[in-house]
Amino acid sequence: MRTFFVFAILILLLPLLITNPYYLNVLAFVGLYSLVTLGLSVFIGYAGQISLGHGAFYAMGAYGSALLGMYAALNPWLATLVALILTSLLAWFLGYFILRLKGHYLVMATLAVNLIVYVLLVELEEITGGVSGLPGIPSFCVFSFCFADDRSNYYLIWGVTLFFLWGVLRLLQGRVGRELRALKASEQAARALGIPVVRYKVAAFTFSAFLAALAGALYAHYLTFISPKSFDIFYSVEVVTMVLVGGAGSPWGALLGAFFLTPLPQILDFFEEYKDVFYGMVLMLILIFYPEGLVSLKLKRLRRNNAS
Amino acid sequence: MDLLILSQFVLAGLSAGAVYALIALGFGVVHNATGIVNFAQGDFLVIGAFVAYSVLVSWGMPYWLAFLAAVLSASLVGLLLERLALSRARSKEILLLVFITVGASIFLRGIIKEIWGKRPLILPPVGDAREISLGVFAIDPQYLWIIGITLLAFVLLHFFFRYTLWGKAIRAVAVDAQAAALMGIPVPWVVAASFALAGALGGLAGVLIGPVWPLSFESGVHIGLKGFAAAVLGGYGSFGGALLGGFLLGMLEGLGAYLVSSFKNLIAYGVLLLVLLLRPQGLLGGKAEERL
């Protein structure tokens, strides 16, 4: 918990040092990615399953709240709330059926959901604007104050992310954390102890989808423009890569992955062209040589230091 | 005449189904040997098709050579994936191995884009391109090639698995890898051979569908997922299931394209979801569900 408070203070003070709106924008994106990887890492790390459909949940949060605002005339907060509820219900429904299957059916099922959502976003042009996207999404407002610029959105996004990070850290320390760890160590043993294995898995999946949708809504009302390109399966691959590269099952690993991989496209100029080669390579190498992610390097070093 | 148009869609659907069946079998072969889902399966297809394109169009070689090059190169990529990446993984957890293949798929996609560019490519037709007319029906011979060669491949593989020592070894590993190892079967070799076979099946599918569908570097994901849907529909890991699932899915898509053309792609994904929700063991599969 001390780490958390140090981290939170650093994050909150950072905009005082950085005045360039471009860097703030990148850091706000790190926050958005962190929110998604946070939920996903709990799911991947403890349920031992992978989803390639979080791009769809991200899209449902973004398009859901934008479209509800346009067609049902809901204000952004209310539209976001409704979109979150709908996304969570869908994720729960999918998880409820598929997570009781053995094997890796969930990967394919979620991949299919992502492709379906993507095709719908592109094809239902009259509603979603098709490939050209959906402009003019209103910002979040509280009375007369609107979260319109990079700085205020940075605080909004990181405020939400820190809140959930704190929540997850607290949760993992308590009974739920112990039971999740038991589940991770041995599913059969956990089941024998009376831990509701499937219920935990479904809950973790739904929670991660909820966070992805929340990030999507924050994204939509921050940029005020969305198009299907941001929600294709590459997004899903990207967030899972972040989780695995950082280290699944540790909230800090999730954040590490987001901090490490989000700015890369911005830093490397040639990146657009070689994005696929690079991502594929990093993913393979890390999984082959550091199956527990980058966070395991730090833990090992700490342990070694403590021993000596 | 509507029936004529319908029959064209059915024929196109069946040939797509043949390709899905080959992909589904590729998934099944790898699954039986290792228990993992190989995400690069669809990319094998694109590699096969594009290698054939280079051999045919860029170098002007005959078709049989392109065929051979496509199958061998995709098979080699499969073999390398297993030898260079999967077999070296420090953790043998299924989840991680599956994701190594996801990484490989993205990596291959990037490499394909670097070599052959972003533009979709289409192969020249096999043999005579003229349509064969049977009374009022006109049949594109490409479709006959696809369906015929796929069926031939399935028959040959059936004999391979049933009667040859290698085929029997692969089946033994599928039943129980440990017991197979105790019987003196070199399991690592069988696993590597399974990947090579999966690659070959992908390459074959690619060179078959290449003259009919324009393929781009991204096509692998979609075709791969449809092949997976076919495998799940028929019963994952089963030989007959792959064939049945492939043709059934192809037919459904063909009919779907006849009825609602712009949402054709949703049919395969929808079928996949429905089967996973309602009958996850597939049409021919045994009990795969873990009951609680």
Side-chain angles (χ1 to χ4, degrees), chain A residues 44 47-50 52 93-94 96-98 100-120 122-124 187 191 196-199 232-234 237-238 240-241 244 248 273-292, chain B residues 31 35-37 39 81 84-114 217-218 221-222 224-225 228-229 231-232 236 262-266 268-273 275-278 280-281 288-292:
Chain A
I44 294 176
Q49 290 268 356
I50 277 184
L52 276 181
F93 178 79
L94 273 178
Y96 180 81
F97 281 98
I98 293 169
R100 55 191 64 223
L101 301 179
K102 237 175 130 181
H104 293 276
Y105 291 107
L106 188 79
V107 189
M108 289 299 190
T110 49
L111 186 56
V113 169
N114 205 341
L115 289 169
I116 289 175
V117 167
Y118 186 78
V119 172
L120 289 177
V122 172
E123 295 288 336
L124 297 177
E187 211 177 299
R191 188 173 298 155
V197 171
V198 173
R199 208 183 303 159
D232 57 4
I233 50 169
F234 194 79
V237 171
E238 214 176 14
V240 173
T241 309
L244 295 176
E273 181 69 21
Y274 297 98
K275 196 165 135 187
D276 294 343
V277 178
F278 175 81
Y279 257 95
M281 203 69 190
V282 167
L283 186 53
M284 279 198 288
L285 289 177
I286 299 250
L287 291 178
I288 292 170
F289 295 108
Y290 303 104
E292 281 159 55
Chain B
H31 175 83
I36 72 172
V37 175
F39 269 78
L81 168 63
L84 295 183
L86 293 168
S87 69
R88 285 167 199 249
R90 297 223 174 130
S91 159
K92 296 295 177 202
E93 215 178 304
I94 298 276
L95 180 77
L96 288 169
L97 295 179
V98 171
F99 243 70
I100 290 175
T101 71
V102 173
S105 164
I106 303 165
F107 177 72
L108 288 175
R109 217 179 302 158
I111 297 286
I112 294 169
K113 190 170 72 181
E114 289 311 310
F217 68 100
E218 294 173 311
V221 196
H222 299 275
L225 194 66
F228 183 82
V232 171
Y236 204 73
S262 64
F263 295 100
K264 179 191 154 213
N265 281 334
L266 295 187
Y269 310 141
V271 166
L272 175 60
L273 275 180
V275 175
L276 285 179
L277 295 179
L278 302 176
Q281 72 271 40
E289 191 173 7
E290 197 176 11
R291 294 225 175 264
L292 291 168

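Lettering of chains follows the sequences in order, A, B, ..., and the numbering in each one begins at 1. No hydrogens, no waters, no symmetry mates; every other heavy atom, side chains included, goes into these values.
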**OP:** For side chain to side chain contact (heavy atoms under 4.5 Å, CB included), just list the numbers for A:Ile50 and A:Leu106, CA-CA rounded to whole Å, side-chain angles, deciding distance to a tenth of an Å, and then say yes or no.
**Re:** CA-CA 7 Å; A:Ile50 277 184; A:Leu106 188 79; over 6 Å; no

Subject >> Proximity breakdown for B:Leu276 and chain A, heavy-atom pairs closer than 4.5 Å >> reply: both

**OP:** Below 4.5 Å from any heavy atom of chain B, which atoms of A:Val237 appear? Answer side chain, backbone, both or neither.
**Re:** side chain

Subject >> A:Leu52 portion near chain B, given a 4.5 angstrom heavy-atom threshold >> reply: side chain

**OP:** Name the region of B:Val232, side chain, backbone, both or neither, that has any atom closer than 4.5 Å to a heavy atom of chain A.
**Re:** side chain

Subject >> Proximal component of A:Leu283, with respect to chain B [non-hydrogen, under 4.5 Å] >> reply: side chain

Original post:
B:His222 vs B:Tyr269 aromatic rings, parallel, tilted or perpendicular, using cut-offs 30° and 60°?
Top reply: tilted

Subject >> Steps toward side chain to side chain contact (heavy atoms under 4.5 Å, CB included) verdict (B:Ile111, B:Phe217) >> reply: CA-CA 9 Å; B:Ile111 297 286; B:Phe217 68 100; over 6 Å; no

Original post:
chain B heavy atoms under 4.5 Å from A:Leu285: which part of the residue, side chain, backbone, both or neither?
Top reply: neither

Exercise answer: donor-acceptor pairs, residues 93-108 of chain B side-chain atoms, under 3.5 Å, sequence neighbours excluded:
| unit_1 | atom_1 | unit_2 | atom_2 | d |
| --- | --- | --- | --- | --- |
| B:Thr101 | OG1 | B:Val37 | O | 3.4 |
| B:Thr101 | OG1 | B:Phe39 | N | 3.0 |
| B:Thr101 | OG1 | B:Val98 | O | 2.6 |
| B:Ser105 | OG | B:Asp43 | OD2 | 2.7 |
| B:Ser105 | OG | B:Arg109 | NH2 | 3.3 |

Subject >> A:Tyr274 backbone acceptor or donor facing B:Lys113 side chain under 3.5 Å >> reply: no

Original post:
Do A:Ile98 and B:Leu277 have side chains that get closer than 4.5 Å, going by heavy atoms?
Top reply: yes

Original post:
By a 4.5 Å heavy-atom criterion (distance strictly below it), what part of A:Tyr96 contacts chain B: side chain, backbone, both, or neither?
Top reply: neither

